[in-house]
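Worksheet: one structure, shown below.
The analysis underlying the following values was restricted to heavy atoms, covering all of them including side chains, and did not include hydrogens, waters or symmetry mates. Below, read A as the first sequence line, B as the second, and so on, with proteins coming before strands; counting in each chain starts at 1.
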Protein chains: 2
Amino acid sequence: MEGEIASGSKISEPELARKFNVSRAPLREAMARLERCHLIERIPNAGARVVKLSTEGLRALYQIREELEGLACRLAAENMDDHEIEQLRGLLDQHLTTQRVREGESYYQEAGDLDFHYRIIIGSKNPYLINMLCDELYFLVRMYRVQLGMNGPRVSRAFDEHKAIINAIANRDGELADLLMRRHIAASRGNIELKLQQLGK
Amino acid sequence: MEGEIASGSKISEPELARKFNVSRAPLREAMARLERCHLIERIPNAGARVVKLSTEGLRALYQIREELEGLACRLAAENMDDHEIEQLRGLLDQHLTTQRVREGESYYQEAGDLDFHYRIIIGSKNPYLINMLCDELYFLVRMYRVQLGMNGPRVSRAFDEHKAIINAIANRDGELADLLMRRHIAASRGNIELKLQQLGK
DNA sequence: AAAAAATAAATTGTCGACAATGGCGGCGCG
DNA sequence: CGCGCCGCCATTGTCGACAATTTATTTTTT
């Protein structure tokens with residue numbers, strides 16, 4: 001995810017097993033999980049390679065995200081209880097004080113439970129949705145984030161958008177939360193796409 | 001999927017390995033796949049059990065389907081070429097002549113490439129969408145279908161809805177195709193839910 | 001020199017066995 | 001008779017080795 005192993009480089013099962021001093025069995029399963037998360041791609045009988053980030057990949061991924069996280073917002077507006085919403089508000093305030101101070105540095109890099117989107121998805125209470133987003137797509141999303149991390153004016157703007165979304169959810173206005181989330185994700189995509197074109201190629 | 005192994009019954013790894021005369025390794029992977037498809041559920045250190053079909057599960061599953069297959073329609077309207085659309089039309093006509101004759105018997109039971117929804121998803125050309133729907137959710141969908149198969153007036157109605165959707169796609173009207181698909185799936189859900197309440201419990 | 005055959009290497013799937021972990025039932029004790 | 005402890009057992013994770021298949025490379029033949 002963090003780019004430590006170069007994009008497109010080959011991942012050898014026996015080689016990594018030696019490197020980490022484990023047998024092939026657990027490493028095999030680990031690679032199966034990576035494949036499920038779309039972090040590696042397999043070519044039959046020719047090995048596995050680290051995914052390459054691309055504009056087309058980003059587009060395809062974010063098309064799904066818009067739809068699914070929009071739905072997550074609608075469901076979260078129905079299903080999150082007041083306590084959870086308050087907790088999420090607290091998380092945002094915490095981000096404001098700890099992270100946003102060093103402006104433009106690193107909003108958005110938190111993992112798991114500390115991530116805003118993650119929490120909303122959990123809040124939807126739909127097990128299939130949670131599984132698909134948190135256990136499969138999210139690692140790839142985070143890979144784009146980490147390697148083409150957001151900075152500049154987008155940081156504070158994203159924070160404001162998060163605020164607006166949580167407000168809509170707190171007002172139990174699922175329709176609005178849905179719309180705001182879709183726009184938020186679309187904007188985020190635009191930002192990353194720009195970086196991809198500048199840096200990547 | 002077909003209910004041969006009763007819902008809720010335990011699946012033992014070593015036991016099945018003996019039954020099929022294979023070692024635990026391949027059976028292990030097979031079960032991992034079943035879990036990924038949500039056909040079995042694991043309780044840590046207590047074994048795996050066949051999923052139980054339920055109204056809540058159906059609801060959660062179809063919420064995702066509406067969203068994702070709606071998106072698939074929108075994308076298919078953009079990305080399917082004329083040849084693919086014509087092929088899909090042919091498939092529908094074939095269903096009409098071969099299956100629909102024995103009215104109310106078994107529309108909808110075809111697997112894989114022969115399935116209408118399947119083909120549209122492929123037509124979206126979005127690899128993540130294809131993977132999630134065809135490789136993960138679809139087996140569970142088919143389980144509901146097979147075990148609570150459609151019959152009665154719903155059969156011909158579903159066929160007409162399919163026709164309308166393919167027409168919208170052929171007209172490159174993604175928005176309409178999206179809407180029609182969502183309604184189609186919602187109606188299908190209603191039908192299955194009814195059966196679940198009648199028969200299941 | 002080009003094509004074909006043979007060989008080497010890597011990937012991938014499979015096997016049988018062992019070990020650790022946690023749940024469940026039986027047993028003793030209060 | 002109820003409660004907690006202990007041992008058995010199923011589940012689960014791991015290991016090292018072997019086999020099959022496919023791809024790449026080298027050697028041989030025309």
Item to complete: Go through the structure and list residues passing side-chain hydrogen bond (donor to acceptor under 3.5 Å, both in side chains) with A:Asp82, not counting sequence neighbours.
Response: A:Arg172

Discussion item. Under the ring pair (Phe, Tyr, Trp, His ring centres under 6.0 Å) definition, can you give me all pairs with a residue in residues 27-70 of chain A, not counting sequence neighbours?
Written reply: A:His38-B:Tyr128

Worksheet entry | Atom pair distance, as rounded to whole Å: CZ in B:Phe20 and P in C:dT14 | 14 Å

Discussion item. Over the length of the helix from C:dA1-D:dT30 to C:dG30-D:dC1, how much do the five-pair end axes diverge, rounded to 10 degrees?
Written reply: 0°

Item to complete: Kindly state each residue pair satisfying salt bridge (charged side-chain N to carboxylate O under 4.0 Å, His left out) with at least one member in residues 177-186 of chain B, sequence neighbours excluded.
Response: A:Glu67-B:Arg182, B:Glu67-B:Arg182, B:Arg74-B:Asp178, B:Asp178-B:Arg182

Worksheet entry | Stretch residues 24-52 of chain B: residues that reach within less than 4.0 Å of DNA chain C through a heavy atom | B:Arg24, B:Ala25, B:Pro26, B:Asn45

Worksheet item: Is A:Ser12 near enough to C:dA10 that one of its side-chain N or O atoms lies under 4.0 angstrom from OP1 or OP2?
Response: no

Worksheet item: Who passes side chain to side chain contact (heavy atoms under 4.5 Å, CB included) against A:Leu180, sequence neighbours left out?
Response: A:Ala164, A:Ile165, A:Ala168, A:Leu176

Practice prompt. If a pair satisfies salt bridge (charged side-chain N to carboxylate O under 4.0 Å, His left out) and one of its residues is in residues 39-62 of chain B, list it, with sequence neighbours excluded.
Written response: B:Glu35-B:Arg42

Worksheet item: What class does the angle between the rings of B:His162 and B:Phe116 fall in, given that below 30° is parallel, 30 to 60° is tilted and above 60° is perpendicular?
Response: parallel

Worksheet item: Does anything in residues 10-37 of chain A pair up under ring pair (Phe, Tyr, Trp, His ring centres under 6.0 Å), and if so which pairs, sequence neighbours excluded?
Response: none

Practice prompt. Only pairs at least two apart or in different chains count here, so list each salt bridge (charged side-chain N to carboxylate O under 4.0 Å, His left out) that has a residue in residues 127-138 of chain A.
Written response: A:Arg36-A:Glu136

Worksheet item: If you check the B:Val22 side chain, which of D:dT12, D:dT14, C:dC15 turns out closest?
Response: C:dC15

Filtered N/O pairs between nucleotides 7-9 of chain D and protein, under 3.5 Å:
none

Discussion item. Applying side chain to side chain contact (heavy atoms under 4.5 Å, CB included), can you list everything that pairs with B:Ile5, at least two apart in sequence or on another chain?
Written reply: B:Ser9, B:Ile11, B:Val50

Worksheet item: Distance check: side-chain N/O of A:Lys10 vs OP1/OP2 of C:dA10, anything under 4.0 Å?
Response: no

Fill in: Rounded distance in Å - CD (B:Glu15) to C1' (D:dT12)
16 Å

Worksheet item: Taking the side chain as C-beta and beyond, is there a heavy-atom pair between A:His117 and A:Val141 under 4.5 Å?
Response: no

Practice prompt. Send over the distance from B:Leu16 CG to D:dT12 P, rounded to a whole Å.
Written response: 12 Å

Fill in: Pairs where residues 6-31 of chain A contributes a residue and the test salt bridge (charged side-chain N to carboxylate O under 4.0 Å, His left out) is met, not counting sequence neighbours
A:Glu13-A:Arg24, A:Glu13-A:Arg28, A:Glu29-A:Arg33

